[in-house]
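Atom set for the values below is all heavy atoms of this structure, side chains included, hydrogens, waters and symmetry mates excluded. Labels below follow one simple rule: chain letters A, B, ... track the order of the sequence lines, proteins then strands, and each chain is numbered from 1.
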Amino acid sequence: MAFNGPVRVRIAPSPTGDPHVGTAYMGLFNRACADKFGGQFIFRLDDTDQKRRNEKSEAMLIEALRWLNLKYDEGPDIGGPYKPYRQSERLDIYKRYADKLLNDGHAYYCFCTEERLDSVRKIAAKEGKQTGYDRKCRDIPLADAKKRLATEKHVIRAKMPLSGEIAFDDLLRGRVSFPAADLDDKVILKADGFPTYHLANVVDDMEFKITHIFRGEEWLSSVPFHVILAQGLGVKLPAMTHMSLLRNADKSKVSKRKNPTNLLWFRDAGFLPEGVLNFLGLMSYSLANDQEIFTYDEFVKQFDPTRIGTGGPVFDLQKFEWLNGEHVRRLSDEEFEKRLIAHIKHLAGREAEFQPLPADDPAYQLGTFADKFRIKTLERNLVIAKLGEKWLKQPDVIGKLVPHIKGRAHTLSEAAEYLPPFFEEVPPLPVADIAEIKKFDDAQKIETLRGAIEIIENTADFSHQSLEAAMRQFVEGKGWKIGPPFMLIRLAALRAKVSPPLFESMVILGRDLTLKRLKLALEELSARR
RNA sequence: GGCCCCGUCGUCUAGCGGUUAGGACACCGCCCUUUCAAGGCGGCAGCACGGGUUCAAGUCCCGUCGGGGUCACCA
């Protein structure tokens with residue numbers, strides 16, 4: 001189980017839906033393994049299921065891996081020395097190995113219909129017996145079977161031992177063994193000529209010279225089949241490490257009903273690739289020095305497969321959000337600006353995708369953090385989708401805001417929440433929030449606005465320092481605390497309760513627009529008295 | 001249900017026979033503060049249970065309980 005010398009590792013996702021966070025999780029550990037010990041990281045497409053195949057899936061998978069910067073050395077779109085890397089394009093290879101297993105007596109043709117298998121299963125289940133295949137066709141002589149091939153639908157099954165133990169070593173769990181009596185004869189080549197996972201996986205790991213497997217625990221119980229197949233083919237299985245599955249808050253396997261799992265969703269929500277990888281690197285794993293915030297390079301540098309834990313880590317979006325914020329803050333202003341603009345471009349015009357959930361959506365009832373975050377993200381992204389185009393026309397304004405918003409947001413979508421007031425002439429006055437300022441009566445509010453207007457008109461350099469100094473002097477001269485008047489001015493000038501620092505914001509808005517908004521606010525307030 | 005894997009604060013985890021069981025997120029106070037975010041200080045909170053082994057057990061063994069995975073011509 002050594003890691004000396006070059007390794008060849010892989011991920012083998014199935015193109016059946018949205019690119020899954022588990023793929024990135026395994027991708028991270030496999031990529032890190034290749035980088036740490038030297039070697040190649042291979043992307044193999046497990047597309048042997050014709051029914052579940054999804055056309056867009058492969059492209060999205062590639063897009064997601066590229067976004068995360070999980071580069072593969074060989075893969076379906078870039079080829080490699082053992083091409084092709086799509087299993088659907090390797091049918092002749094699997095056929096060849098299946099024939100070999102057949103001829104060597106390690107596999108057999110099975111002519112059972114799906115209906116029969118169903119009923120066998122049902123009866124067994126009813127009687128509380130094992131539901132596996134009853135091996136009806138196991139002893140049909142090969143010569144007899146071959147005569148039936150032309151006229152009967154058939155599959156090929158592996159001939160598993162009937163007794164004894166089948167064991168293997170897992171890097172994390174040690175020796176794991178299964179009583180052969182509990183296992184049945186699995187299909188390895190389907191009626192349509194496609195292999196099942198078991199065959200394709202063993203053959204390709206062998207053909208691609210894979211040395212180490214890091215994959216999800218869900219595969220653990222299928223290893224005995226692979227052991228027997230490998231034995232039948234006279235090859236050794238790669239060293240294996242089964243990692244715990246990511247979990248929902250209730251500890252069940254992470255699922256899109258209870259958690260966001262689509263990698264492209266995380267991108268749209270404004271997570272950073274650095275944040276995603278860092279967070280996944282904390283799942284079932286920790287650095288020896290307890291460091292929690294790290295770059296991919298730091299992760300690789302200290303990567304030690306024997307430190308991988310065995311418990312099932314709950315995918316905690318709340319901690320993920322915090323961690324992503326740490327990475328946002330670590331970006332230089334230039335880099336942050338670049339990413340924010342790219343993010344806005346990416347979302348602009350996509351209103352249709354970010355419509356609010358229907359009122360009866362369970363997300364509103366459950367109220368878990370993940371649900372709330374989903375709703376929040378939808379709201380944020382809808383605004384970006386609607387207004388993004390307009391914002392992009394004034395990149396200089398975005399640039400001026402960058403230093404003030406970078407440290408205030410955990411995601412790019414959250415950062416964009418600060419933008420709207422700076423791109424609209426006069427947003428509506430948040431009168432309810434103004435009414436909330438209970439420590440000031442209406443007369444004080446009007447006095448404050450008059451004072452602010454006068455200061456803004458008369459501050460020669462219109463710098464945030466001068467504005468602040470004058471404003472403080474004014475407020476203190478009245479013997480007021482600074483909180484209420486500043487909040488009022490914020491609401492009048494920015495029309496928002498939450499914003500970048502007030503006076504910096506005024507400078508970015510410009511004297512004219514700030515004045516215009518304050519004067520209109522004053523009128524409105526006076527009229528309401 | 002059979003088989004397999006797993007079990008330290010609510011969550012992510014450190015711990016690899018002798019620790020006041022450490023850190024982080026979240027939460028709660030206080031401080032800082034023009035809002036928010038960030039930051040500082042403090043607090044709450046954990047070895048699933050029961051037997052062994054040992055001078056000594058969160059650490060080793062067994063059992064119980066609990067959780068998860070898997071039992072497809074899906075991967």
Side-chain angles (χ1 to χ4, degrees), chain A residues 12-16 46-52 110 112-114 117-118 121 125 128-133 153-157 170 172-173 176-179 181-184 186-192 194-198 200-201 216-224 242 244-245 247 249-253 279 282-293 309-316 318-323 325-326 329 369 404-410 414 417-418 468 471-472 475 481-491 494 496-503 505:
Chain A
S14 210
T16 52
D46 228 308
D47 59 345
T48 56
D49 187 341
Q50 290 297 280
K51 294 176 205 110
R52 297 204 314 157
C110 171
C112 294
T113 62
E114 297 201 42
L117 295 177
D118 270 351
R121 233 189 319 271
K129 289 186 190 151
Q130 293 188 47
T131 55
Y133 177 55
K153 263 184 84 178
H154 55 275
V155 301
I156 298 173
R157 287 181 185 272
D170 183 277
L172 262 29
R173 301 158 203 270
V176 181
S177 78
F178 299 76
D182 293 320
L183 276 15
D184 68 347
K186 289 280 182 253
V187 172
I188 58 172
L189 204 74
K190 306 182 230 178
D192 63 2
F194 279 70
T196 59
Y197 171 82
H198 304 296
N201 166 64
E217 193 182 4
E218 52 195 335
W219 304 115
L220 197 57
S221 42
S222 64
V223 176
H242 288 88
S244 302
L245 268 15
R247 309 292 186 88
D250 63 6
K251 295 279 187 181
S252 56
K253 166 162 93 164
F279 183 63
L282 249 22
M283 296 283 93
S284 278
Y285 192 79
S286 62
L287 309 208
N289 64 358
D290 258 6
Q291 184 182 349
E292 288 207 284
I293 302 165
T310 46
V314 172
F315 188 90
D316 179 3
Q318 203 165 8
K319 181 156 184 174
F320 186 11
E321 187 192 26
W322 162 78
L323 188 58
E326 294 295 318
R329 250 171 265 127
F369 184 84
H404 306 298
I405 62 179
K406 189 182 80 179
R408 303 184 130 74
H410 302 87
E414 186 185 351
E417 285 193 315
Y418 292 97
E468 179 170 354
M471 205 59 222
R472 279 181 186 275
V475 169
K481 295 226 169 175
I482 233 159
F486 276 36
M487 179 50 87
L488 176 65
I489 297 170
R490 183 189 313 282
L491 289 166
L494 289 156
K497 204 156 64 167
V498 176
S499 80
L502 183 52
F503 302 103
S505 296

_What's the gap between B:C60 and B:U54 when it is taken at their C1' atoms, as a whole Å value?_
10 Å

*Closest to the A:D49 side chain: B:A37, B:A75, B:A72?*
B:A75

*Look at all strands and tell whether A:T48 reaches a base, only sugar-phosphate, or nothing, counting heavy atoms closer than 4.0 Å.*
sugar-phosphate

*Does a nitrogen or oxygen in the side chain of A:S284 sit under 4.0 Å from OP1 or OP2 of B:U13?*
yes

*Mind checking A:S244 for me? I need base, sugar-phosphate or nothing, with any heavy atom below 4.0 Å counting as a touch.*
nothing

*asked:* Rounded to whole Å, how long is the line connecting atom NZ of A:K251 with atom C1' of B:G7?
replied: 8 Å

*To the side chain of A:F503, which of B:G69, B:C27, B:U34 is closest?*
B:U34

*Toward the 5' end of RNA chain B, which comes first, A:E217 or A:D316, by nearest nucleotide?*
A:E217

*With a 4.0 Å cut-off on heavy atoms, is A:K51 in touch with a base, just the backbone sugar-phosphate, or nothing at all?*
sugar-phosphate

*Which part of the nucleic acid, if any, lies within contact of A:Q318, taking any heavy atom under 4.0 Å across all strands shown: a base, the sugar-phosphate backbone alone, or nothing?*
sugar-phosphate

*May I ask you to say what A:H242 touches in the nucleic acid, namely base, sugar-phosphate or nothing, with a heavy-atom cut-off under 4.0 Å?*
nothing

*Which of parallel (below 30°), tilted (30 to 60°) and perpendicular (above 60°) describes A:W219 and A:Y197?*
parallel

*asked:* For B:A37 and A:R329 - does any side-chain N or O of the residue sit under 4.0 Å from the phosphate oxygens OP1/OP2?
replied: no

*Using the C1' atoms only, state how far B:C62 lies from B:G68, rounded to an integer number of Å.*
22 Å

*asked:* What is the separation between atom CG on A:L287 and atom C1' on B:A14, rounded to the nearest whole Å?
replied: 11 Å

_If I take atom CE in residue A:M283 and atom P in nucleotide B:C25, what distance separates them, rounded to the nearest angstrom?_
14 Å

*So what does A:E321 hit on the nucleic acid, given a heavy-atom distance under 4.0 Å: a base, only sugar-phosphate, or nothing?*
nothing

*To the side chain of A:K253, which of B:C3, B:A75, B:G69 is closest?*
B:G69

*Taking the side chain of A:R490 as heavy atoms from C-beta outward, which of B:U34, B:G68, B:C12 is closest to it?*
B:U34

_Distance, rounded to the nearest Å, where A:D182 contributes CG and B:G1 contributes P_ = 15 Å

*Which is true for A:P485 with a 4.0 Å heavy-atom rule: it touches a base, it touches only sugar-phosphate, or it touches nothing?*
nothing

*Assess whether one donor atom and one acceptor atom, taken from the side chain of A:R408 and the base of B:U35, lie less than 3.5 Å apart.*
yes

*Could you pick out which residue, A:G311 or A:L117, lies toward the 5' side of RNA chain B when each is mapped onto its nearest nucleotide?*
A:G311

*What interatomic distance, in whole Å, is found between C1' of B:C61 and the corresponding atom of B:C25?*
36 Å

*Nearest 0.5 Å please: distance from the OH atom of A:Y133 over to the CG atom of A:L117.*
6.5 Å

*At under 4.0 Å between heavy atoms, what does A:L502 touch on the DNA or RNA strands: base, sugar-phosphate, or nothing?*
base

*Taking the same atom, C1', in B:G22 and in B:C3, what whole-Å distance lies between them?*
38 Å

_B:C74, OP1 or OP2 - any side-chain N/O from A:K190 closer than 4.0 Å?_
yes

*What nucleotide among B:U34, B:G22, B:G67 has an atom nearest to a side-chain atom of A:P501?*
B:U34

*Rounded to whole angstroms, how far apart are CZ on A:F486 and P on B:U34?*
7 Å

_Starting the side chain at C-beta, find the nucleotide from B:C4, B:U34, B:A75 nearest to A:I482._
B:U34

*asked:* Say we look at B:G10 and B:C16: how far apart would their C1' atoms be, to the nearest angstrom?
replied: 26 Å

*Please report, rounded to the nearest Å, how far the C1' atom of B:A72 is from the CZ atom of A:F194.*
17 Å

*Using a cut-off of strictly less than 4.0 Å, decide whether A:T16 has a side-chain nitrogen or oxygen near OP1 or OP2 of B:A75.*
no

*Under 4.0 Å between any heavy atoms, over every strand shown, what does A:M471 touch: base, sugar-phosphate, or nothing? Just pick one.*
nothing

*Indicate, with a heavy-atom threshold strictly under 4.0 Å, whether A:L245 touches base, sugar-phosphate, or nothing.*
sugar-phosphate

*Examine B:C74: is either OP1 or OP2 under 4.0 Å from a nitrogen or oxygen in the side chain of A:T196? Give yes or no.*
no

_Classify A:Y197 by what it touches in the nucleic acid, base, sugar-phosphate, or nothing, heavy-atom distance under 4.0 Å._
base

*asked:* Starting the side chain at C-beta, find the nucleotide from B:A75, B:C4, B:A24 nearest to A:W322.
replied: B:A24

*Quick one: CG on A:N201 to CD1 on A:I188, what's the gap to the nearest 0.5 Å?*
12.5 Å

_base_contact_polar (B:A24 base, A:K319 side chain, donor-acceptor, <3.5 Å)_ = yes

*Side-chain N,O (A:R121) to OP1/OP2 (B:A72) below 4.0 Å*: yes

*Could you please name the option among B:A24, B:C12, B:A72 that lies closest to any side-chain atom of A:P313?*
B:C12

*Value in whole Å for how far the C1' atom of B:C25 lies from CD of A:E326*: 11 Å

*asked:* Any salt bridge linking A:D316 with A:K319? Criterion: basic side-chain nitrogen under 4.0 Å from a carboxylate oxygen.
replied: no

*Indicate, with a heavy-atom threshold strictly under 4.0 Å, whether A:P195 touches base, sugar-phosphate, or nothing.*
sugar-phosphate

_If you count every heavy atom of other residues, nucleotides or ligands that lies below 6.0 Å from A:K497 atom NZ, does the total exceed 12?_
no

_Less than 4.0 angstrom between a side-chain N/O of A:R157 and OP1 or OP2 of B:C73, yes or no?_
yes

*A:K481 side-chain N/O to B:U34 phosphate OP1/OP2 under 4.0 Å*: no

_What's A:E114 touching, base or sugar-phosphate or nothing? Going by heavy atoms closer than 4.0 Å._
base

*Quick one: label A:G132 by what it contacts on the DNA or RNA (base, sugar-phosphate, nothing), any heavy atom closer than 4.0 Å.*
nothing

*d(CG, A:D184; P, B:U70) in whole Å*: 16 Å

